[in-house]
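Report on the structure given below.
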Amino acid sequence: MSAEKTAITPTRAQDFPEWYQQVIKAADLAENSETRGCMVIKPWGYGIWELIQQQLDRRFKATGHQNAYFPLLIPLSYLEKEAEHAEGFATECAVVTHHRLEAVKDPVTGKTKMIPTGELAEPYVIRPTSETIIGAAFARWIESYRDLPLLINQWANVMRWEMRPRLFLRTAEFLWQEGHTAHETKDEAIVETRMIHGLYEEFLRDHLAIPVIPGEKTENERFPGADMTLTVEAMVQDCKAIQAGTSHYLGQNFSKAQNISFTGRDGAIQHAHTTSWGVSTRLIGTLIMAHSDDDGLVLPPRVATQQIVIMPITPKEDSREAVIASCHALAETLRHQLHHGEPLRVHVDVRDLSGGVKKWEWIKKGVPIRIEIGPRDIETRKVCVQRRDQAVAAKDFPVKEDFIRQATEILDEIHQNLLARATEFRDANITPCDSLEAFNSHWANETPGWLLTPWAGTPDQEAEISKQHKITIRCVPLDTVLLPHAGEKCFVTGKETATRALWGRSY
RNA sequence: CGGGGCGUAGCGCAGUCUGGUAGCGCGCCUCGUUCGGGACGAGGAGGCCGUGGGUUCGAAUCCCGCCGCCCCGACCA
């Protein structure tokens, strides 16, 4: 076996999209289902989502939001109320038109067919997002300025009839959270929109170890019906951009269309200012592409379904029981430790498989720390520690008690290493650019990084450049983001400008 | 939704041109030898060849419809 052999074929460099699919398969995260464009999320993948959910939910609650649940099916007429918004979704919705199935037996073949009957007077749309149905509820619930702000979040599935699905990144049905809030004033609504934007940025950084560029979408790229769309843009290992989360200020557009109004402090009827914001199972696709390597998945510790896997090494029958007991005892001790407020997630793999097979399985699944304990380790009171952020062959043999003490620190160290690695990669692949010529030639590269340019162009100019190079303005980065400067004059119009646009290919 | 490719065992594929009711590798199960390591040997299980129809004595193979998947576009909150 050659030293270069990788657990995943092809490698990232050989065929990135195929590598991505193979990582998902090797880590047993998800698979395509019989239902078009939809995936089955398997336990190892769903566990990641549950952790994302729990940790984000805690942050939403801490910032004053409450969870609620709204119907999956939205009356068609609700979408008709908000024209601009509805146009943005119209072509990709699944529509429910019947409410009964009738079993009909074919007299010739004897086979039973199910025929939809009972056509609905008004069809329902399977929610592509819930602005309209939640807005209708808000219209009922809000009467006075005293009812504001109304801060609601929903964990749900939504459906968009995607033409080109990709596991986790773009599936027809996906899981997400959608926050919907209503406020008395524009300022308050914008504070909310920005607060959530910041929350997403921190979550990506501190929980998923993904450094993002926070910024605002241009008018062309905005959510249909929004006055302002904020985004967090992640760069993955083929230098493409992934919009990892968005937060929208919807102005009074939706509240006027849906009559979300209230009596103000001055007694006058006013329309509320609303926001909406969300992240989805796409985060899982983003973290796979951001961190994984040619041996498979690499999980950031805070969202690892299991953080530590202990593998008993039992070469001799007479010491077998003692080794396994020792592994369980260590696991139990570790489970009593807290890592960012949560008990360590530790698994003992007692399956009767050869050690090498087990070890590689957990490498491919991306477990942050692997522990091996054999008869010799019991005698020396040491444990064999291997880390997913280090070379496969790298091993450390600390005294067991020392490891127990250091376990949570090692997890944090792994997190920091992943974040540092991803940040370094991102920064190396963002280039300042203020010349049209350099800009145009840049996109001929095989995996072009992002360009940061001074920008004062029109939406039409933006659209033309986008089409020409198959790129988009990912965002206009926030002032607080420190990126290298590239002159003061727009690379297209030559006008002086303080605005910087970040261009790139995206998923 | 346009252009191309493909549906045969859990996975990857051969067989299709030149019809004669299925084969290889990996995986899986059993036994044995191994084993601080992605082991080896022997034996075994598993498929109405995507689906509906047609041609034929006979169809994985030929013809027509449908469904699904993959790649490239268009679309993508």
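A note on names: the letters A, B, ... follow the listed sequences, proteins ahead of strands, and every chain is numbered from 1.
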[X] [atom1] - [N] [atom2] separation (whole Å):
{"X": "A:R166", "N": "B:rC69", "atom1": "CZ", "atom2": "P", "answer": "15 Å"}
{"X": "A:M39", "N": "B:rC70", "atom1": "CE", "atom2": "C1'", "answer": "18 Å"}
{"X": "A:F174", "N": "B:rC76", "atom1": "CZ", "atom2": "C1'", "answer": "10 Å"}
{"X": "A:I8", "N": "B:rG38", "atom1": "CD1", "atom2": "P", "answer": "18 Å"}
{"X": "A:R170", "N": "B:rC70", "atom1": "CZ", "atom2": "C1'", "answer": "17 Å"}
{"X": "A:R351", "N": "B:rG38", "atom1": "CZ", "atom2": "P", "answer": "16 Å"}
{"X": "A:I242", "N": "B:rC76", "atom1": "CD1", "atom2": "P", "answer": "18 Å"}
{"X": "A:Q21", "N": "B:rC71", "atom1": "CD", "atom2": "P", "answer": "6 Å"}

Per [X] side chain, nearest of listed nucleotides [options]:
{"X": "A:E162", "options": "B:rC71, B:rC76, B:rC11", "answer": "B:rC76"}
{"X": "A:N32", "options": "B:rC70, B:rG38, B:rC76", "answer": "B:rC70"}
{"X": "A:K470", "options": "B:rC76, B:rG73, B:rA39", "answer": "B:rG73"}
{"X": "A:K364", "options": "B:rG38, B:rC76, B:rC11", "answer": "B:rG38"}

Looking only at side-chain N and O atoms, does [Y] offer a donor or acceptor that is under 3.5 Å from a partner on [X]?
{"X": "A:T229", "Y": "A:H248", "value": "yes"}
{"X": "A:D15", "Y": "A:Y20", "value": "no"}
{"X": "A:T181", "Y": "A:T275", "value": "yes"}

How far does the [atom1] atom of [N] sit from the matching atom of [M], given to the nearest Å?
{"N": "B:rA9", "M": "B:rG50", "atom1": "C1'", "answer": "15 Å"}
{"N": "B:rC13", "M": "B:rC57", "atom1": "C1'", "answer": "33 Å"}
{"N": "B:rC49", "M": "B:rA14", "atom1": "C1'", "answer": "13 Å"}
{"N": "B:rG46", "M": "B:rU8", "atom1": "C1'", "answer": "14 Å"}
{"N": "B:rC1", "M": "B:rC63", "atom1": "C1'", "answer": "28 Å"}
{"N": "B:rG41", "M": "B:rC67", "atom1": "P", "answer": "48 Å"}
{"N": "B:rU56", "M": "B:rU21", "atom1": "C1'", "answer": "14 Å"}
{"N": "B:rC6", "M": "B:rG10", "atom1": "P", "answer": "22 Å"}

Report, one pair per line, the protein and nucleotides 27-36 of chain B atoms (nitrogen or oxygen only) whose separation is under 3.5 Å.
| residue | atom | partner | partner atom | Å |
| --- | --- | --- | --- | --- |
| B:rG36 | O6 | A:P375 | N | 3.3 |
| B:rG36 | O6 | A:R376 | N | 2.7 |
| B:rG36 | N1 | A:D377 | OD2 | 2.7 |
| B:rG36 | N2 | A:D377 | OD2 | 2.7 |

Watson-Crick or G-U counterpart of [N], or none if no pair lies under 3.5 Å:
{"N": "B:rU33", "result": "B:rA39"}
{"N": "B:rG44", "result": "B:rC28"}
{"N": "B:rG23", "result": "B:rC13"}
{"N": "B:rG58", "result": "none"}
{"N": "B:rC6", "result": "B:rG68"}
{"N": "B:rC76", "result": "none"}

> Closest nucleotide of RNA chain B for A:R282 versus for A:E18: which of these residues is on the 5' side?
Replying inline: A:E18
>> Heavy-atom nearest nucleotide on RNA chain B for A:P128 versus A:D295: which residue maps closer to 5'?
In response: A:D295
>> Just to verify, what does A:R474 make a salt bridge (charged side-chain N to carboxylate O under 4.0 Å, His left out) with, not counting sequence neighbours?
In response: A:E233
> When A:W277 is tested against each of A:F223, A:F60, A:F203 for ring pair (Phe, Tyr, Trp, His ring centres under 6.0 Å), which residue passes?
Replying inline: A:F60
How is [X] classified with respect to the nucleic acid when contacts are heavy atoms under 4.0 Å: base, sugar-phosphate, or nothing?
{"X": "A:K358", "answer": "nothing"}
{"X": "A:Q243", "answer": "sugar-phosphate"}
{"X": "A:R222", "answer": "nothing"}
{"X": "A:G245", "answer": "nothing"}

>> Aromatic contact between A:W503 and A:H469, with the criterion being ring centroids under 6.0 Å apart: yes or no?
In response: no
>> Just checking A:W362 against A:W44, ring centres under 6.0 Å apart?
In response: yes
> Between A:W49 and A:R282, is there a cation-pi geometry (under 6.0 Å to ring centre, at most 45° from the normal)?
Replying inline: no
> What pairs with A:V399 under side chain to side chain contact (heavy atoms under 4.5 Å, CB included), at least two apart in sequence or on another chain?
Replying inline: A:K382, A:E401, A:D402
> Are A:E462 and A:T218 close enough, and set up right, to give a side chain to side chain donor-acceptor pair (under 3.5 Å), and what steps lead you there?
Replying inline: CA-CA 9 Å; A:E462 177 189 336; A:T218 58; 2.7 Å; yes
